[in-house]
Amino acid sequence: MSRFAEVIVNISHPDVDRTFQYRIPESLQDKIAPGSPVRVPFGSREVTGIVIAVTDHQEVENNRLKLVSGIVENGVPIEGQLIRLAAWMRETYGCTMNQALRTVLPSRRRVKSRAKIEQVELPEDRDVPPALNPEQQAAADGIWKEIHRENPRTCLLFGVTGSGKTEVYMNLIARTIAEGRQAILLIPEISLTYQNVRRFYRRFGNRVATINSRLSAGEKYESFRRAREGEADLMIGPRSALFAPFPNLGLILVDEEHDSAYHSETSPRYRASETAQARGRIAGAGVVLGSATPDIVDFYAAMDRKMAIFPIRSRAVPGSTLPQVDVVDLREEFRAKNMSIFSRLLTEEMTDTLARGEQIILFLNRRGYSGFVSCRSCGYVIKCPHCDVALTEHVGRRLVCHYCGYEMPEPSVCPKCGSSHIAGFGIGTERVEAITKKMFPRARVLRMDLGTTGGKNGHTRILKKFSSGGADILIGTQMIVKGHDFPNVTLVGMISADLSLYSSDFRSSERTFQLITQAAGRAGRAGKPGRVVIQTYSPEHYAIQTAAAQQYVSFYKQETEYRKMLGYPPFGAMLSILVSDAGEEKAQACAEKLARGIRESFSSLEPVVLGPSDAGIAKVQD
């Protein structure tokens, strides 16, 4: 009996974003199934493709029907579930089926040897599961009950920083494994949270697989192979770990679900927490989102009872409380003639903290030495010749573009007017490091940003040194405030809270609130009193005020009132369309045509069409 394969070929072109039918040779009929990577004739050449379905029904005339040439050796067949997920991503995010399949497909390159690929040491002894405190136990039991209902909802674990959400995750994972099923734990970026990953290895041993952006294609293949062949029960990693080919997936956990790292910047531009819920529905797996500062849209869904919410209001360590938070008005510092980047209060607190032998984190969401270089005479700002952004000053009087890597020496005179009054404005992590070392010469200082974390284990090396007491002060961008637990950190200083507050994004207040709250959460986690100093020019802003008070619900109420008036999510849906071309006039004409087409095609829905206008960064790499 003849059988036929519906194949999508690996060509990124809209005209072939569909399946093509091929006859399966008798010799391959027992080997080809949905998800199999195959070789097929296409036009005058042979290409690779993915089998979407196998059928007994012939739809192509005999004179046009061709045979499948063979199966791609060393390919990892994906499950039918992942094909369905790719189809959902295509419809939801407006990508091609090929783009979606390439996203969900496991890596196809084998490693030459079974080399150790985990990024942490494997401890010899396994941890005994700790007893959960009453709040943690109630949350774990409630979630377990919810995900085993006939029509389960997504669960939101809403716990304050330091409340022990990880212990709840481990409890749920252990129960899932005991049922003979597997679990996926998403974290914003595995290289930033090595402490937590070690805890999972100590608990679950070699049944853990990890994946991250710095692994080679072969190493990713090995992690996914272990998942596919039943050698692992738990996959930990960033958003790509969501596509681990577990045969019997039972649980998906998304830690720090609000984090922007879960939003893909390339097509398909998917949101991992949303896609996790889609995979959960397809696989029949429970889905848990965890955060102290949930995404506004998700918290709105929980308040609307579309998600089940489980709060944890207290910190896990006995005697540990939320830190004392002080807001410093930088305008007052200027009036008091304090020209330092450190307020008087922060300088005093740093001096006292170092004297006690405790540690400090200084957070600034901008790397480099200064924000930009401009002329004080004519106002000229030195920009990248290939991108529509100002060059950032780095140590050694280097000007660098953080988008394309263009680099040039800093000029001694203004290229426009010839004035010698040209200098850096703003402040970056490198400059904070230099000033800190000058003010506190005896302190051991570490800096953690993209400039210091090169190499496969760059993040781990810095975090390990700081965690073991090898430094007194850690300076960094937002990567230092994601999920880390440093028992001896009792002071966190936020150098400038305004950098993210006035960006051209309707979520800027939400992002600022989340960053401040997460940064503040690093202080005072082990029973020692914690202190946080927030420096800002906008102390009256509700995002600053509510973050200082650690009051998420209060922020949520004010933020949703603002969004409701303007029709922003969750009260309306928004779609951003980016048009790019090497020719600016061509891109502009295309954008205008799109805007007209949307207004005409969807006139009955009365859409609000904004633009077209220049993108936030109008030119990148020419």
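In what follows, every heavy atom counts, from backbone to side chain, and hydrogens, waters and symmetry copies are set aside.
- Put simply, the side chain of Arg239 gets close to the backbone of Ala261: a donor and an acceptor are under 3.5 Å apart.
- Here Glu257 contributes atom CD and Tyr262 contributes atom OH; the two are 8.5 Å apart, rounded to the nearest 0.5 Å.
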Show me the side-chain donor-acceptor pairs of residues 564-578 shorter than 3.5 Å, one per line, residues at least two apart or across chains.
none

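- Remark: of the listed residues Leu289, Ile312, Val254, Ile312 is the sole one forming a side-chain contact (heavy atoms from CB on, under 4.5 Å) with Leu157.
- For the side-chain contact (heavy atoms from CB on, under 4.5 Å) with Ile147, the qualifying choice from Ile252, Leu251, Val287 is Leu251, the only one to do so.
- Listed by first and then second residue, the salt bridge (Lys or Arg N to Asp or Glu O under 4.0 Å) pairs involving residues 537-555 are Arg331-Glu540 (not counting sequence neighbours).
- Applying the ring pair (Phe, Tyr, Trp, His ring centres under 6.0 Å) test to every pair with at least one member in residues 308-356, sequence neighbours left out, gives no pairs at all.
- At a cut-off of 3.5 Å, with distance as the only test, a side-chain donor of Ser273 or Arg271 sits close to an acceptor on the other residue.
- When each of Lys306, Glu146, Gln277, Glu274 is paired with Thr154, the side chain to side chain donor-acceptor pair (under 3.5 Å) condition holds for Gln277 and for no other.
- With no hydrogens or angles considered, no side-chain donor-acceptor pair links Ser496 and Gln535 at under 3.5 Å.
- Under the 3.5 Å distance criterion, the side-chain polar atoms of Arg315 are matched with a main-chain donor or acceptor of Thr161.
- Separation of atoms CG (Leu253) and CE (Met170) is listed at 11.5 Å; rounding is to 0.5 Å.
- The aromatic rings of Phe513 and Phe555 sit parallel to each other, their planes meeting at less than 30°, with 60° as the upper class boundary.
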| request: For the pair Lys165 and Glu256, evaluate salt bridge (Lys or Arg N to Asp or Glu O under 4.0 Å) and give the outcome as yes or no after the intermediate values. | output: CA-CA 10 Å; Lys165 292 186 287 293; Glu256 307 292 358; 5.4 Å; no
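- A distance of 6.5 Å separates OG1 in Thr429 from CG in Leu364, rounded to the nearest 0.5 Å.
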